[in-house]
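A short write-up of the structure that comes next.
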Amino acid sequence: MIQNRRVILSTLWIFVTLNYLYCDVLSLMSAELLNALLTGEVAGLKMNETTLLISGIIMEISIAMALLSRVLKYNANRISNIIAGIIKTLIMIGTLFMGTPSYHYMFFATIEIGTTLFIVWYAWTWTQSEENKEVQNSLK
């Protein structure tokens with residue numbers, strides 16, 4: 001049975017997004033982070049409208065990819081998954097060097113980096129002939 005890469009990629013983006021969000025929820029339970037947020041600066045970053053907008057855009061990448069992985073045509077789908085996966089991987093690696101990450105953050109970051117690297121590999125190895133077989137099977 002051929003697995004539909006579109007569905008798998010979409011599911012992986014949902015999985016990684018839930019990991020990002022739950023890590024953020026747990027982080028808000030940290031007194032140290034809450035105190036830093038109240039001062040308006042976290043790990044050297046000023047928490048202002050620009051920072052929050054950039055954070056929202058970064059999070060929207062993975063949220064949008066959950067949908068786009070299902071609806072984009074093959075070439076656009078493959079390329080966007082590779083690019084989005086690389087961007088999210090690099091951002092997560094970069095965040096590990098901002099201050100001293102907590103244990104729960106390192107745990108989730110490892111899962112998130114592993115997932116986005118897998119997404120890049122999975123999209124990279126996706127072939128046009130495989131896509132054609134998936135489309136033919138869906139029409140049966």
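Predicted model, so just to flag it, every value in this text is computed and none were measured. Side chains are part of it too, since the values below use all heavy atoms of this structure and drop only hydrogens, waters and symmetry mates.
- A side chain to side chain contact (heavy atoms under 4.5 Å, CB included) with Lys88 holds for exactly one of Ile83, Thr116, Ile113; it is Thr116.
- Rounding to the nearest 0.5 angstrom, the gap separating the OG1 atom in Thr115 from the OH atom in Tyr20 is 8.0 Å.
- Within the 3.5 Å criterion, the main-chain N or O of Trp126 finds a donor-acceptor partner in the side chain of Arg78.
- Residues Phe15, Tyr22, Leu26, Met29, Phe107, Phe108, Ile111 make up the rest of the hydrophobic cluster containing Val25, defined by ILVMFWY side-chain heavy atoms closer than 4.5 Å, directly or through other members.
- Counting non-hydrogen atoms of neighbouring residues, nucleotides and ligands closer than 6.0 angstrom, the CD atom of Glu41 exceeds 12 such neighbours.
- Side-chain contact check for Ser69 versus Asn81: some heavy-atom pair is nearer than 4.5 Å.
- Looking at Thr127 and Arg5, their side chains never bring a donor and an acceptor atom within 3.5 Å of each other.
- Counting only heavy atoms from C-beta outward, the side chains of Leu96 and Tyr105 approach each other to under 4.5 Å.
- Thr125 places a side-chain N or O within donor-acceptor distance of the main-chain N or O of Trp121, the cut-off being under 3.5 Å.
- For Gln128, the side chain to side chain contact (heavy atoms under 4.5 Å, CB included) partners two or more places apart in sequence, or in a different chain, are Tyr74, Asn75, Glu131, Asn132.
- Looking only at distances, no side-chain donor or acceptor of Asn77 sits under 3.5 Å from a matching main-chain atom of Lys73.
- For Thr100, there are no side chain to side chain contact (heavy atoms under 4.5 Å, CB included) partners, not counting sequence neighbours.
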